[in-house]
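Right, one structure below, let's go through it.
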Amino acid sequence: MSFAAPADSVHVRAPGKINVYLGVGGRHDDGYHALATVFQAVSLYEDVIARHADDFSITVSGVDDLDSVPLDDRNLAMRAAKLLASAAGYEGGVALEIRKSVPVAGGMGGGSADAAAALVACDALWGTGFSTARLHELGARLGADVPFALHGGTAVGTGRGDQLNPALARGRFDWVLVPSDEGLSTPVVYARLDALRDDEGALADDPPLSLEVPAPVLQALRSGDPDLLAESIYNDLQEAALYERPELETTILRGIHAGALQGIVSGSGPTVALLCASPEGAQEVQSLLREHGLESLHVHGPVQGARIIS
Ligand SMILES: C[C@](O)(CO)[C@H](O)COP(=O)(O)OP(=O)(O)OC[C@H]1O[C@@H](n2ccc(N)nc2=O)[C@H](O)[C@@H]1O
Ligand SMILES: Nc1ncnc2c1ncn2[C@@H]1O[C@H](COP(=O)(O)OP(=O)(O)OP(=O)(O)O)[C@@H](O)[C@H]1O
């Protein structure tokens, strides 16, 4: 019986995400808000290649705004590798190569996808053999979006967004993504939401904001009907993201005028996600947006979570 030589490198691909529904509840003392969200993993990927090394290093390529991606312990993929090494008692290091496609600070969980990919790649490279559940636990310690980047597909997230339950989504949904040149800081958008709610004079003893994903969202996903989904996609952070970046409103309206069924800000933004009726419809939206000087990406979902591709 021949044994496969231990791999000297592992290549993992992890998807970016859109929140097709995002309900934000009260802010807890730890600075996090209670969420009810529906994530969908889409075909815009981060690739992480892990190679054996004595200590820890990272290189990043692929998107224009690389200057805002740290290459030290602030990098989520580096934090993931070191967290796994300490949890496994692994004494060696790893050289991580990250090839990015998800816009940085774009509201699509790009860093979270890198962290998820690094966990899977290092676990395979080092042979630490962690279970999916254990990797999810480590992922949740790295960030609220990391467990979903491992899970993929379509899922309901509660708690901070890290407690996942799979949601059935039949068929395929076509999205046109309009990235911004400048990212948006997630904490800033959440803080803006809190400020807007305070300004609206929400009384402290208001009933807790409903933290259920509305049934129509789940029914639309089960039906696979984009027209139905277009009626129920919603993002509580959108008002705050539009406060920070008013021009995004125009992008959404332009997308709908170009034929998209609906448009929302993805997560904390600024990437705008335009839901389209079909692949052909998506291409039509892209060409009309280009006439307004707006470059866009045509992606689809749901797709798999972080997985080894070689
Ligand atoms: C906006 C979303 O992308 C929607 O999926 C996530 O809620 C954000 O996920 P993330 O970027 O992985 O968030 P983390 O890195 O865990 O936290 C970044 C910051 O976002 C805010 N944050 C995040 C998640 C959450 N449930 N409540 C929050 O208030 C907090 O200020 C936190 O310090
Ligand atoms: N591997 C990474 N890739 C991108 N940004 C990273 C990474 N590691 C750390 N960061 C830091 O995290 C910040 C947010 O990165 P990220 O691209 O994950 O935002 P995001 O897509 O909006 O995330 P989310 O949607 O989860 O809020 C960046 O501005 C950067 O400073």
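What you are looking at is a predicted structure, and each value in this text was computed from that prediction instead of being measured. Atoms within a ligand are numbered from 1 in the order they appear, just like the ligands themselves.
Around the CZ atom of R141, the shell of radius 6.0 Å holds no more than 12 heavy atoms that belong to other residues, nucleotides or ligands. Annotation for E182: atom CD does not count as buried by contact number, only 12 or fewer foreign heavy atoms lying within 6.0 Å. Environment of CG in D181: sparse, with no more than 12 heavy atoms of neighbouring residues, nucleotides or ligands closer than 6.0 Å. At most 12 heavy atoms of other shown residues, nucleotides or ligands fall within 6.0 angstrom of atom CG in D29. Counting heavy atoms of neighbouring residues, nucleotides and ligands inside a 6.0 Å radius, atom NE2 of H257 does not exceed 12 of them. Heavy-atom neighbours of E91 CD from other residues, nucleotides or ligands within 6.0 Å: at or below the threshold of 12.
Not a single N or O atom of L184, backbone or side chain, sits closer than 3.5 Å to an N or O atom of ligand 2. Taking any N or O of G31, backbone or side chain, at least one lies under 3.5 Å from an N or O belonging to ligand 1. Considering backbone and side-chain N/O atoms, A77 never comes within less than 3.5 Å of an N/O atom of ligand 2. Where the criterion is an N or O separation shorter than 3.5 Å, residue side chain and backbone included, S268 fails it with respect to ligand 1. At under 3.5 Å, not a single nitrogen or oxygen of G143, backbone or side chain, sits near a nitrogen or oxygen of ligand 1.
Heavy atoms of M78 stay at 4.0 angstrom or farther from ligand 2. Using a 4.0 Å cutoff on heavy atoms, G107 counts as a contact of ligand 2. Look at F148 and you'll find every heavy atom at least 4.0 Å from all atoms of ligand 1. For S112, the closest heavy-atom approach to ligand 2 falls below 4.0 Å. At a 4.0 Å cut-off, at least one heavy atom of K17 sits close enough to ligand 1 to count as contact. Not a single heavy atom of G161 sits less than 4.0 Å from an atom of ligand 1.
For atom 18 (O) of ligand 2, the closest non-hydrogen atom of the protein is G111 N, 2.7 Å. The shortest contact between atom 21 (C) of ligand 1 and any protein heavy atom is with Y190 CD1, 3.3 Å. Among all protein heavy atoms, the one lying closest to atom 29 (O) of ligand 1 is H33 ND1, 2.7 Å. With respect to atom 5 (N) of ligand 2, the closest heavy atom belonging to the protein is V104 CG1, 4.1 Å. What sits closest to atom 4 (C) of ligand 2 on the protein, heavy atoms only, is K100 NZ, 3.4 Å. In this structure, atom 8 (N) of ligand 2 lies nearest to the protein heavy atom L76 N, 2.9 Å.
By the criterion of a heavy-atom distance under 4.0 Å, both the backbone and the side chain of N75 are placed next to ligand 2. If you look at K17 next to ligand 2, the close heavy atoms, those under 4.0 Å, all belong to the side chain. In Y32, the parts holding a heavy atom less than 4.0 Å from any atom of ligand 1 are both the side chain and the backbone. Looking at S68 against ligand 2, only its backbone comes within 4.0 Å, counting heavy atoms. Using a 4.0 Å cut-off between heavy atoms, A144 makes no contact with ligand 2 at all.
Atoms of ligand 1 lying under 4.0 Å from at least one heavy atom of P187, given by number and element, are 19 (C), 31 (O). Of all atoms in ligand 2, numbered sequentially from 1 with element shown, those under 4.0 Å from a heavy atom of T186 are 22 (O), 27 (O). Proximity to N19 (heavy-atom distance under 4.0 Å) selects the following atoms of ligand 1: 4 (C), 5 (O). In the vicinity of G106, heavy-atom distances shorter than 4.0 Å reach the ligand 2 atoms 20 (P), 21 (O), 22 (O). Each of the atoms 21 (O), 25 (O) of ligand 2 lies under 4.0 Å from some heavy atom of M108. Residue-ligand proximity, G109 to ligand 2, at heavy-atom distances under 4.0 Å covers atoms 20 (P), 21 (O), 23 (O), 24 (P), 25 (O), 26 (O). The distance from ligand 2 to the heavy atoms of D114 drops below 4.0 Å at these ligand atoms: 1 (N), 2 (C), 3 (N). Heavy-atom proximity to S112, at under 4.0 Å, picks out these atoms of ligand 1: 12 (O). Close contacts of ligand 2 with D145, meaning ligand atoms under 4.0 Å from a residue heavy atom, involve 24 (P), 25 (O), 26 (O).
Of the possible polar contacts, one joining the E46 side chain to the S101 backbone as a donor-acceptor pair under 3.5 Å is found. Counting only distance, with no hydrogens or angles, the side chain of D47 and the backbone of R13 share no donor-acceptor pair below 3.5 Å.
Side-chain atoms of H298 and V285, non-hydrogen and from C-beta on, never get closer than 4.5 Å to each other. Between H33 and D194 there is a side-chain heavy-atom pair separated by less than 4.5 Å. Looking only at side-chain heavy atoms (C-beta outward), S296 and V272 stay at 4.5 Å or farther from each other.
A distance of 8.5 Å separates CG of D227 from CG of L275, quoted to the nearest 0.5 Å. Atom-to-atom distance recorded for I58:CD1 and R79:CZ is 11.5 Å, nearest 0.5 angstrom.
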Checklist entry - Can you list the steps and then say if L84 with L135 is a side-chain contact (heavy atoms from CB on, under 4.5 Å)? => result CA-CA 8 Å; L84 179 66; L135 290 179; 4.2 Å; yes

Item to check | Full working for side-chain contact (heavy atoms from CB on, under 4.5 Å) between S268 and L184 | outcome: CA-CA 7 Å; S268 51; L184 254 181; 5.8 Å; no

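Aromatic ring pairs are classed by plane angle as parallel below 30°, tilted from 30° to 60° and perpendicular above 60°; the pair Y21 and Y234 is tilted. F39 and F148 have parallel rings, their planes meeting at less than 30° on a 0 to 90° scale where 60° marks the start of perpendicular.
Using a cutoff of 4.0 Å between basic side-chain nitrogens and carboxylate oxygens, E200 and R197 are not scored as salt-bridged.
Side-chain contact of T59 with E97: a donor-acceptor pair under 3.5 Å is absent, judged by distance alone.
Across S268, P103, A105, heavy-atom proximity to atom 14 (C) of ligand 2 is greatest for A105. In this structure, of T186, D145, T37, the residue bringing a heavy atom nearest to atom 2 (C) of ligand 1 is D145. The option with the heavy atom closest to atom 10 (N) of ligand 2, from among P70, S185, G110, is P70.
Under the 4.0 Å distance rule, the nearest protein heavy atom to atom 2 (C) of ligand 2 falls inside the cut-off. Distance remark: protein heavy atom present below 4.0 angstrom from atom 25 (O) of ligand 2.
Here the closest heavy-atom approach between residue N19 and residue G267 is recorded as OD1-CA, 3.4 Å.
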